[in-house]
Engineer: 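Before I ask anything, here is the structure I am working with.
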Amino acid sequence: MQAHYFQHVPFEGLGSIETWLTQQGYHLSSTRFYQQADLPDIDAVDFLVIMGGPMSVNDEARYPWLVAEKQFIQQFVNTGKPVLGICLGAQLIASALGARVYPNQQQEIGWWPLQAVGNEAASAFRFPEMATVFHWHGETFDLPANSVHLAESLACRNQAFQIGQSVIGLQFHLETTAMSAQAIVENCRDELIPATFVQTESEILATDSGRYQRINQLMGQILAYLHQSQNHQRRFRHD
């Protein structure tokens, strides 16, 4: 099995996702857009992960590779194979599927609570009723057509969505480790401008190891859900 990830800046890597994928037997490959924009053969990829980054999906003039990336995402979603988008990655999925991405009313940076959204989709992934997770974003998105709304926060309504059983977009970061939190703070501390939903550098980095373990565990549950959807697709194609 081949998992491919899109990385937009050197300091936002897979985090805990890498451990989970390798433990499940996936071979990893990547497109690092900050170095080169070569895209993989869609047929060769079994699982696509789209990471975060400080740019906007609307910055196509500054980052022309965004056009090809969104086209690839749209085509990959149509295959029915698993797709996970993190922060910018979720915004890219939304944009690729025709939804609007725009500045949120509030910046949301640091450890803030997330609430599950009740919905009638029996097969949808179920978030905990409440969880404190790691955020770092200033934009938001409209929900793509035919998606299920999964989670919200006080600062941002559209925090997570699902399309079918194979696509999940997360506005927040569950893959974050102590090392990756340090990296994003070091590279983006100029964004830590005091506001209602912006924590200080010391508040962000002072969190305990148990909090990282809890969000990484939830990330593993989402990955397992998407992995199982892939196995279901394979069985369906073989029947």
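Excluded from the calculations below are hydrogen atoms, water molecules and symmetry mates; all remaining heavy atoms, backbone and side chain alike, are included.
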Engineer: Mind checking whether Phe72 and Phe6 have ring centres under 6.0 Å apart?
Structural biologist: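 Yes.
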Engineer: At what distance, to the nearest 0.5 angstrom, does CE of Met219 lie from OG of Ser16?
Structural biologist: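 Going from the CE atom of Met219 to the OG atom of Ser16 covers 6.5 Å.
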Engineer: When rounded to the nearest 0.5 angstrom, what is the spacing between CG in Leu48 and OG in Ser166?
Structural biologist: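 Nearest 0.5 Å value for the CG-OG distance: 11.0 Å.
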Engineer: Quick one: CD on Gln162 to CG on Asn146, what's the gap to the nearest 0.5 Å?
Structural biologist: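 Separation between the atoms: 12.5 Å.
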Engineer: Are Ile42 and Phe47 in one and the same hydrophobic cluster, where Ile, Leu, Val, Met, Phe, Trp and Tyr link if side-chain heavy atoms are under 4.5 Å apart?
Structural biologist: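 Same hydrophobic cluster.
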Engineer: To the nearest 0.5 Å, how far apart are CG in Leu66 and OG in Ser95?
Structural biologist: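 Answer for the CG-OG pair, Leu66 versus Ser95, is 8.5 Å.
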Engineer: Over 60° means perpendicular and under 30° means parallel, so classify the ring planes of His227 and Tyr26, tilted if in between.
Structural biologist: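 Correct class here is perpendicular.
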Engineer: Would you tell me whether Trp136 and Glu191 have side-chain atoms, one donor and one acceptor, within less than 3.5 Å of each other?
Structural biologist: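 A pair is found: one side chain offers a donor N or O, the other an acceptor, under 3.5 Å apart.
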Engineer: When you group the ILVMFWY residues by side-chain heavy-atom contacts below 4.5 Å and let the links chain together, are Leu14 and Trp20 in the same group?
Structural biologist: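 Cluster IDs for Trp20 and Leu14 match.
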Engineer: Can you confirm whether the side chains of Thr140 and Gln171 place a donor and an acceptor under 3.5 Å from each other?
Structural biologist: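 Distance-only check fails for Thr140 and Gln171.
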Engineer: So, do Thr200 and Arg189 sit near enough that their side-chain heavy atoms are less than 4.5 Å apart?
Structural biologist: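 Result no, sub-4.5 Å side-chain heavy-atom pair not found.
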Engineer: Quick one: do Trp112 and Phe134 end up in the same hydrophobic cluster if we chain Ile, Leu, Val, Met, Phe, Trp and Tyr together by side-chain heavy atoms under 4.5 Å apart?
Structural biologist: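 Trp112 and Phe134: separate clusters.
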Engineer: Could you tell me which non-hydrogen atom of Gln182 sits nearest to which non-hydrogen atom of Leu205, and how far apart they are?
Structural biologist: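 Here Gln182 and Leu205 meet closest at OE1-CD1, 3.4 Å.
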Engineer: Do the side chain of Asp142 and the main chain of Val101 share a donor and acceptor less than 3.5 angstrom apart?
Structural biologist: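 Not confirmed, Asp142 side chain does not pair with Val101 backbone.
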Engineer: Can you confirm whether Gln105 is buried at CD, in the sense that more than 12 heavy atoms of other residues, nucleotides or ligands lie under 6.0 Å from that atom?
Structural biologist: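 At most 12 heavy atoms, drawn from other residues, nucleotides or ligands, come within 6.0 Å of this atom.
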Engineer: What do the steps show when you test Gln159 against Glu108 for side-chain hydrogen bond (donor to acceptor under 3.5 Å, both in side chains), and what is the final call?
Structural biologist: CA-CA 11 Å; Gln159 286 281 1; Glu108 190 174 25; 2.8 Å; yes
Engineer: I'd like to know if the side chain of Ser180 pairs up with that of Thr177 as donor and acceptor (distance under 3.5 Å, no hydrogens or angles considered).
Structural biologist: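 There is such a pair (donor and acceptor under 3.5 Å, judged by atom type) between the side chains of Ser180 and Thr177.
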Engineer: Is the His149-Phe161 ring centre distance short of 6.0 angstrom?
Structural biologist: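 No, the ring centres sit 6.0 Å or more apart.
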Engineer: Output yes when a side-chain donor or acceptor of Thr176 lies under 3.5 Å from a complementary backbone atom of Ala181, and no otherwise.
Structural biologist: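 Absent.
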Engineer: Donor-acceptor pair, distance only, cut-off 3.5 Å: does the side chain of Trp111 make one with the backbone of Ile204?
Structural biologist: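 Indeed, once roles are kept as given, a pair shorter than 3.5 Å links the two residues.
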Engineer: Looking at Glu129, I'd like to know if its CD atom is crowded, meaning that more than 12 non-hydrogen atoms belonging to other residues, nucleotides or ligands lie closer than 6.0 Å.
Structural biologist: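 Counting other residues, nucleotides and ligands, CD of Glu129 stays at 12 neighbours or fewer.
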Engineer: Closer than 3.5 angstrom, by distance alone: can the side chain of Lys81 be matched with the main-chain N or O of Val45 as a donor-acceptor pair?
Structural biologist: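 Side chain of Lys81 to backbone of Val45: a pair is present.
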Engineer: In the structure I gave you, are the side-chain heavy atoms of Glu12 and Leu88 within less than 4.5 Å of one another anywhere?
Structural biologist: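 Side chain of Glu12 against side chain of Leu88, heavy atoms only: no contact under 4.5 Å found.
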Engineer: Hey, is the main chain of Ile184 close enough, under 3.5 Å, to the side chain of Asn187 for a donor-acceptor pair?
Structural biologist: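 Between the backbone of Ile184 and the side chain of Asn187 there is no qualifying donor-acceptor contact (under 3.5 Å).
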Engineer: Side chains of Gln7 and Ser30: donor-acceptor distance under 3.5 Å anywhere?
Structural biologist: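 Not at all, the side chains of Gln7 and Ser30 share no donor-acceptor pair under 3.5 Å.
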Engineer: Heavy atoms, side chains only, cut-off 4.5 Å: are Leu174 and Ile17 in contact?
Structural biologist: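 No, every pair of side-chain atoms sits at 4.5 Å or beyond.
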Engineer: Look at the side chain of Lys70 and the backbone N and O of Val57, then say whether any donor-acceptor pair between them is shorter than 3.5 Å.
Structural biologist: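 Yes, Lys70 side chain to Val57 backbone: donor-acceptor pair under 3.5 Å.
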Engineer: Taking the six-membered ring for Trp, are Phe127 and Phe172 parallel (under 30°), tilted (30 to 60°) or perpendicular (over 60°)?
Structural biologist: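 Aromatic pair Phe127/Phe172 classed perpendicular.
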Engineer: Are any of the side-chain heavy atoms of Ile222 and Phe125 separated by less than 4.5 Å?
Structural biologist: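 The answer is yes; the side chains approach within 4.5 Å.
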Engineer: Is any side-chain heavy atom of Pro144 closer than 4.5 Å to a side-chain heavy atom of Ile163?
Structural biologist: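 Answer yes - side chains close enough.
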Engineer: Does a donor on one side chain sit under 3.5 Å from an acceptor on the other, for Arg126 and Tyr225?
Structural biologist: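 Tyr225 and Arg126 do not have a side-chain donor-acceptor pair below 3.5 Å.
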Engineer: Nearest 0.5 Å, what's the CG-CD distance between Leu39 and Glu69?
Structural biologist: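 If I round to the nearest 0.5 Å, the distance is 7.5 Å.
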Engineer: Out of curiosity, Trp65 CH2 to Tyr34 OH, how far, rounded to the nearest 0.5 Å?
Structural biologist: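 OH of Tyr34 is found 11.0 Å from CH2 of Trp65.
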Engineer: Please confirm whether Arg100 makes a cation-pi placement over Tyr102, using NZ or CZ under 6.0 Å from the six-membered ring centre and within 45° of the ring normal.
Structural biologist: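 That pair qualifies as a cation-pi contact.
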Engineer: Would you kindly say whether Gln217 and Gln221 are connected by a side-chain donor-acceptor distance under 3.5 Å?
Structural biologist: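 Short answer, no.
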Engineer: Evaluate the side-chain proximity of Ser29 to Gln2: yes if any heavy-atom separation is below 4.5 Å, no if none is.
Structural biologist: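 Contact flag for Gln2/Ser29 side chains = yes.
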Engineer: Going by side chain to side chain contact (heavy atoms under 4.5 Å, CB included), Glu175 matches just one of Thr19, Val49, Leu170, Ile86. Which one?
Structural biologist: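 Considering Thr19, Val49, Leu170, Ile86, a side chain to side chain contact (heavy atoms under 4.5 Å, CB included) with Glu175 is found only for Ile86.
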Engineer: Examine distances only and state if a side-chain atom of Asp59 and a backbone atom of Arg62 form a donor-acceptor pair shorter than 3.5 Å.
Structural biologist: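 Not at all, since once roles are kept as given, no pair shorter than 3.5 Å links the two residues.
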Engineer: Looking at every heavy atom in both Asn104 and Cys156, which two are closest together, and how far apart are they?
Structural biologist: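 In this case the closest contact between Asn104 and Cys156 is ND2-CB, 3.8 Å.
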Engineer: For a quick test of reading the model, state the closest non-hydrogen atom pair linking Pro113 to Ser153 and the distance between them.
Structural biologist: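 Shortest heavy-atom separation between Pro113 and Ser153 comes out as O-CB, 3.5 Å.
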Engineer: Begin from the C-alpha positions of Ser56 and Glu139 and carry the test side-chain hydrogen bond (donor to acceptor under 3.5 Å, both in side chains) through to its verdict.
Structural biologist: CA-CA 8 Å; Ser56 169; Glu139 292 197 312; 3.0 Å; yes
Engineer: When you group the ILVMFWY residues by side-chain heavy-atom contacts below 4.5 Å and let the links chain together, are Tyr5 and Leu21 in the same group?
Structural biologist: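 Yes, one cluster joins them.
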Engineer: Counting C-beta onward and ignoring hydrogens, is there a side-chain heavy-atom pair between Val77 and Thr79 closer than 4.5 Å?
Structural biologist: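 A side-chain contact under 4.5 Å is absent here.
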Engineer: Hey, quick one: are Ile73 and Met55 part of the same hydrophobic cluster, counting side-chain heavy atoms closer than 4.5 Å, chains of contacts allowed?
Structural biologist: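 Yes, same cluster.
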Engineer: Main chain of Gly52, side chain of His8: is a donor-acceptor contact present, judged purely on distance under 3.5 Å?
Structural biologist: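 Yes, His8 side chain to Gly52 backbone: donor-acceptor pair under 3.5 Å.
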Engineer: Judged by atom type as modelled, is there a donor-acceptor pair below 3.5 Å linking the side chain of Asn158 to the main-chain atoms of Phe141?
Structural biologist: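 Yes; at least one donor-acceptor contact below 3.5 Å.
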Engineer: Counting only heavy atoms not in Asp41, do more than 12 fall under 6.0 Å of its CG?
Structural biologist: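 Enclosed.
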Engineer: Provide the closest heavy-atom pair for Pro54 versus Val9 in the form atom of the first, atom of the second, distance.
Structural biologist: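 Closest pair (atom of Pro54, atom of Val9, distance): CD-CG1, 3.5 Å.
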Engineer: Ile109 versus His135: any side-chain heavy-atom pair under 4.5 Å?
Structural biologist: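 No, every pair of side-chain atoms sits at 4.5 Å or beyond.
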Engineer: Looking at Gln107 and Phe197, would you say the former's side chain and the latter's main chain have a donor-acceptor pair under 3.5 Å?
Structural biologist: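 A pair under 3.5 Å: no.
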